[in-house]
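All figures in this text were calculated on a predicted structure; none of them were measured in a lab.
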Amino acid sequence: MSPTPQERRAARHQLGSGSSAPAARRGPSGGHKKPITVDTIISTAFGIVEKEGYEALTMRRVATALETGPSSLYAHVVNKEDLDELLIGRLCAEIDLPEPDPAIWRQQIIQVCTELRDQYLRYPGISQAAFAAAPSNLDTLRVGEGLLAILLAGGIEPQAAAWAIDSLTLYVNAYSLEVSLANRRLNRSDDDWVVSRGELLRRFAALPDTFPQTKRHAAELTAGTVHDRFDFTIGLMIDGLAGARQDPAR
């Protein structure tokens, strides 16, 4: 008897593999196209997100792109949430985790967070798939393990390190989603909601005097690129861990 999708998912978690035996095609195209595998499903899903955005990704949309029915996908993928987990796991698998070094642990944390950000930004809105999901994919867990090892090497107390990983990854996810949404607005023909820095400065200057601080510091409020703000925030979060370092004498 063929394994159920749930059994396939459990096996992937144990073996760290996204591959599976191909499923036979159904319908008019059955037998005339390449068989469907988990890798094929993942690659097709990424193609849809890259061209149309994460909002367009559904199991039916993937099935249509593969010229098959949804039931062929469910032979390998339990549901949309399982597909989301596979996608995030595939991106995490490409993250280069450094050997933890107590001397440069801050730089190493920034490096991993930046790589994760850049992976998400390759596919518009895909970081949504990482929200409210308990990590169980081995590739995703590998990144968490790497971050934890770096923080512990830097002398951060285990509980603070664990919560810091939650905070850092949540920020990376949210940042990547916001950038994707902003880029989508920029690409729309209706760009009324896209405002340049110059326009923002003019709007702030025109505010009534009940906004004295905003008017006075308009230049600071609108300064820097989005990545400048990313670097600042990650650095701020890491610096906030200084009080959570373990006493070397203990």
Side-chain angles (χ1 to χ4, degrees), residues 12-13 16-19 38-39 42-43 45-51 53-54 57 83-156 158 160-184 224-242 244:
R12 289 199 299 269
H13 292 169
S17 170
S19 61
V38 168
D39 285 338
I42 293 172
S43 297
F46 273 133
I48 292 169
V49 175
E50 186 173 24
K51 294 178 181 177
Y54 178 75
L57 183 65
L83 177 58
D84 285 345
E85 186 177 82
L86 286 166
L87 295 176
I88 296 301
R90 179 66 60 86
L91 295 179
C92 286
E94 299 185 28
I95 302 295
D96 181 25
L97 296 173
E99 186 68 26
D101 185 341
I104 56 170
W105 69 273
R106 288 179 174 84
Q107 296 94 312
Q108 290 183 325
I109 290 292
I110 293 171
Q111 171 195 325
V112 175
C113 289
T114 301
E115 285 193 37
L116 185 59
R117 175 202 73 188
D118 291 345
Q119 286 296 319
Y120 286 154
L121 292 180
R122 292 170 57 194
Y123 302 98
I126 202 167
S127 64
Q128 291 177 74
F131 282 111
S136 54
N137 183 284
L138 294 185
D139 288 319
T140 305
L141 286 169
R142 184 185 71 92
V143 174
E145 170 75 14
L147 287 169
L148 183 58
I150 294 169
L151 289 170
L152 294 177
I156 306 302
W163 287 343
I165 292 170
D166 282 347
S167 300
L168 287 164
T169 54
L170 182 60
Y171 174 70
V172 173
N173 294 348
Y175 171 89
S176 302
L177 177 57
E178 183 178 56
V179 171
S180 294
L181 292 173
N183 287 340
R184 185 173 65 181
T225 66
V226 288
H227 283 358
D228 288 336
R229 292 168 181 251
F230 177 89
D231 294 341
F232 172 81
T233 304
I234 294 293
L236 195 66
M237 296 170 77
I238 294 172
D239 290 344
L241 291 170

- request: For R229, check salt bridge (charged side-chain N to carboxylate O under 4.0 Å, His left out) against everything at least two apart and list the hits.
  value: none

E145: salt bridge (charged side-chain N to carboxylate O under 4.0 Å, His left out) partners, not counting sequence neighbours: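 Partners of E145 under the salt bridge (charged side-chain N to carboxylate O under 4.0 Å, His left out) test: none.
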
Rounded to the nearest 0.5 Å, what separation is found between the [atom1] atom of [X] and the [atom2] atom of [Y]?
X: C92; Y: L138; atom1: SG; atom2: CG; value: 11.5 Å
X: T140; Y: L116; atom1: OG1; atom2: CG; value: 9.5 Å
X: L86; Y: L91; atom1: CG; atom2: CG; value: 11.0 Å
X: I104; Y: I109; atom1: CD1; atom2: CD1; value: 11.0 Å
X: Q111; Y: I234; atom1: CD; atom2: CD1; value: 13.0 Å

- prompt: Think R117 forms a cation-pi with F230, using NZ or CZ under 6.0 Å from the six-ring centre and within 45 degrees of its axis?
  reply: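 Yes, a cation-pi geometry holds between R117 and F230.
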
Closest non-hydrogen atom pair between [X] and [Y], with its separation:
X: A160; Y: L241; result: O-CD2, 4.2 Å
X: E94; Y: R142; result: N-NH2, 4.4 Å
X: L177; Y: G125; result: CD1-CA, 4.1 Å
X: L152; Y: A161; result: CD2-CB, 4.3 Å
X: L148; Y: A162; result: CD1-N, 4.4 Å
X: R90; Y: D39; result: NH2-OD1, 2.9 Å

message: Listing request: all side-chain hydrogen bond (donor to acceptor under 3.5 Å, both in side chains) pairs with a residue in residues 123-132, at least two apart in sequence or in separate chains.
response: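 Residue pairs passing side-chain hydrogen bond (donor to acceptor under 3.5 Å, both in side chains), neighbours aside: E55-Q128.
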
message: Does anything in residues 172-182 form a side-chain hydrogen bond (donor to acceptor under 3.5 Å, both in side chains)? List the pairs, not counting sequence neighbours.
response: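 Counting only pairs at least two positions apart or across chains, the side-chain hydrogen bond (donor to acceptor under 3.5 Å, both in side chains) contacts touching residues 172-182 are Y120-N173, Y175-H227.
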
Please examine the side chains of [Y] and [X], heavy atoms only from C-beta on, and report whether any two atoms are closer than 4.5 Å.
X: L181; Y: R184; result: yes
X: I150; Y: Q107; result: no
X: R106; Y: D239; result: yes
X: E85; Y: S136; result: yes
X: L57; Y: L87; result: yes
X: N183; Y: L121; result: no
X: I238; Y: W105; result: yes

Give a yes or no answer on whether the side chain of [X] reaches the backbone of [Y] with a donor-acceptor pair at less than 3.5 Å.
X: Q108; Y: E99; answer: yes
X: D228; Y: T225; answer: yes
X: E115; Y: D96; answer: yes

V112/L168 under side-chain contact (heavy atoms from CB on, under 4.5 Å): CA gap, chis, key distance, verdict: CA-CA 10 Å; V112 175; L168 287 164; over 6 Å; no

field: Pairs flagged by salt bridge (charged side-chain N to carboxylate O under 4.0 Å, His left out) wherever residues 125-137 is involved - sequence neighbours left out
entry: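 Output for this query is empty, none listed.
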
field: Partner set under side chain to side chain contact (heavy atoms under 4.5 Å, CB included) for L170, not counting sequence neighbours
entry: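 Partners of L170 under the side chain to side chain contact (heavy atoms under 4.5 Å, CB included) test: F131.
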
